[in-house]
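Just so we're on the same page: letters track the sequence lines, and every chain starts at 1.
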Number of protein chains: 2
Amino acid sequence: MSGKAGRTIRLMLVDDHPVMRAGLANLLSGEPGFSVVAQASDALSALACWREHKPDVVLLDISLPGLDGIEVLRQIKADEPQARVLMLTSSEAKEDYRQSMSAGAAGYVTKSVDPDVLFAAIRGVFERQGVAEQTGLGCLDGDESGETLSQREQEVLNLLRQGFSNGEIGKLLGISRRTARAHVSAILRKLGASARTEAVTRGFEKGILKI
Amino acid sequence: MSGKAGRTIRLMLVDDHPVMRAGLANLLSGEPGFSVVAQASDALSALACWREHKPDVVLLDISLPGLDGIEVLRQIKADEPQARVLMLTSSEAKEDYRQSMSAGAAGYVTKSVDPDVLFAAIRGVFERQGVAEQTGLGCLDGDESGETLSQREQEVLNLLRQGFSNGEIGKLLGISRRTARAHVSAILRKLGASARTEAVTRGFEKGILKI
DNA sequence: AGGCATATTGGCTAGGTGGCCAATGCCCGA
DNA sequence: TCGGGCATTGGCCACCTAGCCAATATGCCT
């Protein structure tokens with residue numbers, strides 16, 4: 001497009017699937033202007049790699065063994081707020097998108113986009129270093145209810161999924177059974193569920209709960 | 001390894017993520033003896049592609065938009081029982097493995113293996129055409145409870161996740177509330193859950209339920 | 001300051017849950 | 001043929017659920 005070739009973009013890949021990493025590295029190496037300088041398959045080595053190589057752009061997956069990719073993102077940004085991290089994940093969950101962006105991701109691209117779009121996203125993230133919003137995904141789930149679960153509600157939902165009753169939830173959180181019930185009711189309302197069982201399903205579907 | 005070079009293996013890739021497909025195609029093309037002759041991103045075009053190209057080996061992902069990868073596998077095998085299909089998926093769920101193998105997959109490799117292992121698996125599948133068992137995964141979840149849900153129980157679990165009560169499940173299945181309850185009890189026992197809410201979670205965790 | 005979401009707690013009530021006792025018929029593999 | 005798993009159904013009972021009526025304290029944003 002532009003005559004401005006720019007220098008080679010030094011990339012770091014973080015993905016827990018070797019097949020994906022190798023494929024991606026191959027793909028990116030074949031594209032002029034990109035150079036994969038580091039790869040990591042888990043949160044810990046990702047952080048170590050980051051500190052060692054300080055790549056121009058990090059391509060970061062969300063589902064990682066151990067620490068969450070979003071947590072890795074937070075730590076990288078805490079380390080260096082200028083870091084440019086492009087989330088590259090198969091998760092189409094709005095929750096992941098929201099959390100990534102508010103944790104400081106420079107962009108969010110799902111693996112369901114064409115390679116060209118990915119390349120463009122990487123260049124975009126690299127060039128406008130300061131800009132934050134740079135999304136490569138068409139449009140997340142349209143089933144928008146808008147309601148976000150509060151911190152407490154997410155805690156309760158995580159107990160719900162384990163099959164605890166309201167009374168047990170109350171004991172575990174040090175609150176009364178009545179309060180736990182109020183939280184459950186709020187969860188049902190926000191997730192549009194008619195029963196706690198459905199709320200758990202909704203939680204998984206929306207990416208609030210993870211396997 | 002062997003001096004027996006064999007002819008080039010004609011591969012077909014089925015994966016819903018373009019980034020994955022492109023990366024994989026790149027990776028495989030760089031490996032001598034492999035040739036990617038077709039790619040598909042969904043069940044329908046996968047079947048059409050299969051009939052048109054009749055590749056030596058199909059690399060098939062399970063999570064596909066629309067029809068399940070396992071369903072695609074079933075249809076391919078129905079079309080031609082000799083077809084060699086190697087499942088290549090990120091799912092570590094025993095349920096997916098079990099279903100794939102009983103549907104006639106020539107092998108099951110997760111994306112968490114090294115590319116070399118994948119290459120070896122492809123060659124293995126291609127060479128011993130008749131052999132069925134050829135697994136590339138170390139060992140699936142060891143949290144083996146052994147108990148498999150019956151057809152009816154899976155139906156009930158799918159209603160459970162939607163928040164239906166025992167009475168509603170009974171009406172939907174045309175059985176009595178008491179029978180629905182018996183199925184739920186069996187599900188709880190088999191999944192090691194103490195409440196239906198936990199049973200749903202277990203279903204997602206074990207891959208019996210899908211998002 | 002006033003409004004709004006959040007977190008906390010209470011009682012009442014119809015209905016749902018899941019463990020326990022139990023039974024019948026079917027089909028399949030040993 | 002004799003289990004054993006499966007699908008089906010029944011009652012009893014202590015407990016749990018989720019809707020309804022409510023209240024109070026904390027924050028944060030305008």
Side-chain angles (χ1 to χ4, degrees), chain A residues 94-95 98-99 101-103 144-204 206 208-209, chain B residues 94-95 98-99 102 144-204 206 208-209:
Chain A
K94 227 181 4 272
E95 195 60 23
R98 190 187 344 247
Q99 285 191 28
M101 295 317 278
S102 70
E144 195 44 86
S145 35
E147 299 269 44
T148 315
L149 294 193
S150 71
Q151 198 57 47
R152 199 55 154 171
E153 285 156 0
Q154 291 197 33
E155 274 183 274
V156 173
L157 182 56
N158 264 302
L159 295 174
L160 265 192
R161 78 176 263 178
Q162 294 170 63
F164 291 115
S165 70
N166 290 332
E168 291 169 320
I169 292 172
K171 275 175 196 143
L172 288 165
L173 296 181
I175 57 182
S176 85
R177 154 179 336 210
R178 186 57 188 81
T179 307
R181 204 162 71 94
H183 289 312
V184 171
S185 289
I187 292 171
L188 295 182
R189 184 180 50 75
K190 289 185 178 180
L191 295 183
S194 61
R196 47 180 55 213
T197 316
E198 189 183 358
V200 169
T201 298
R202 269 17 217 10
F204 279 111
K206 286 180 167 267
I208 303 169
L209 295 178
Chain B
K94 224 179 9 271
E95 195 59 24
R98 188 184 349 241
Q99 285 191 28
S102 70
E144 196 44 84
S145 33
E147 299 270 45
T148 315
L149 295 194
S150 71
Q151 199 57 46
R152 200 56 154 170
E153 285 156 0
Q154 291 197 32
E155 274 182 274
V156 173
L157 182 55
N158 264 302
L159 295 174
L160 265 193
R161 76 177 264 179
Q162 294 170 64
F164 291 114
S165 70
N166 290 332
E168 291 170 320
I169 292 173
K171 274 175 197 144
L172 287 165
L173 295 182
I175 56 182
S176 84
R177 152 179 339 210
R178 186 57 188 78
T179 307
R181 204 162 73 97
H183 289 312
V184 172
S185 290
I187 292 171
L188 295 183
R189 183 180 51 74
K190 290 185 178 180
L191 295 183
S194 60
R196 45 180 56 211
T197 317
E198 189 184 0
V200 170
T201 298
R202 269 20 222 0
F204 279 111
K206 284 180 166 265
I208 303 170
L209 295 179

field: Short side-chain N/O contact to C:dG16 OP1/OP2 from B:Asn166, under 4.0 Å
entry: no
Under 3.5 Å, which protein N or O atoms sit close to an N or O of nucleotides 8-14 of chain D? Give each pair with its distance.
unit_1, atom_1, unit_2, atom_2, d
D:dT8, OP1, B:Arg152, NE, 3.4
D:dT8, OP1, B:Arg152, NH2, 2.8
D:dT8, OP2, B:Arg152, NE, 3.1
D:dT8, OP2, B:His183, NE2, 2.6
D:dT9, OP2, B:Ser176, N, 2.7
D:dT9, OP2, B:Ser176, OG, 3.4
D:dT9, OP2, B:Thr179, OG1, 2.4
D:dT9, O5', B:Ser176, OG, 3.4
D:dT9, O5', B:Thr179, OG1, 3.1
D:dG10, N7, B:Arg178, NE, 3.2
D:dG10, O6, B:Arg178, NH2, 2.6
D:dG11, O6, B:Arg178, NE, 3.2
D:dG11, O6, B:Arg178, NH2, 3.3
D:dG11, O6, B:Arg181, NH2, 2.9

query: Between A:Ser150 and C:dA5, is there a side-chain N or O to OP1/OP2 distance below 4.0 Å?
result: no
query: Of the non-hydrogen atoms in B:Glu153 and B:Ile187, which two are nearest, and what is the gap between them?
result: O-CD1, 3.3 Å
Nearest-nucleotide pick for B:Ser165, side chain only, options being D:dT17, C:dG16, C:dT6: C:dG16
statement: the helix from C:dA1-D:dT30 to C:dA30-D:dT1: angle between terminal helix axes, five bp per end, to the nearest 10 degrees, reads 60°
message: To the nearest 0.5 Å, what is the distance between CG on B:Leu172 and CD on B:Glu155?
response: 10.5 Å
query: B:Ala180 and B:Ile169: which non-hydrogen atoms are nearest, and at how many Å?
result: CB-CG2, 3.9 Å
message: Can you tell me how far apart OG (A:Ser194) and CZ (A:Arg202) are? Round to the nearest 0.5 Å.
response: 9.5 Å
Which pairs, protein N/O on one side and nucleotides 3-5 of chain D N/O on the other, fall under 3.5 Å?
none

message: Side-chain N or O of B:Ser194 versus OP1/OP2 of C:dG18: is the shortest distance under 4.0 Å?
response: no
Euclidean distance, atom CG of residue B:Leu188 to atom P of C:dG19 [Å, nearest integer]: 6 Å
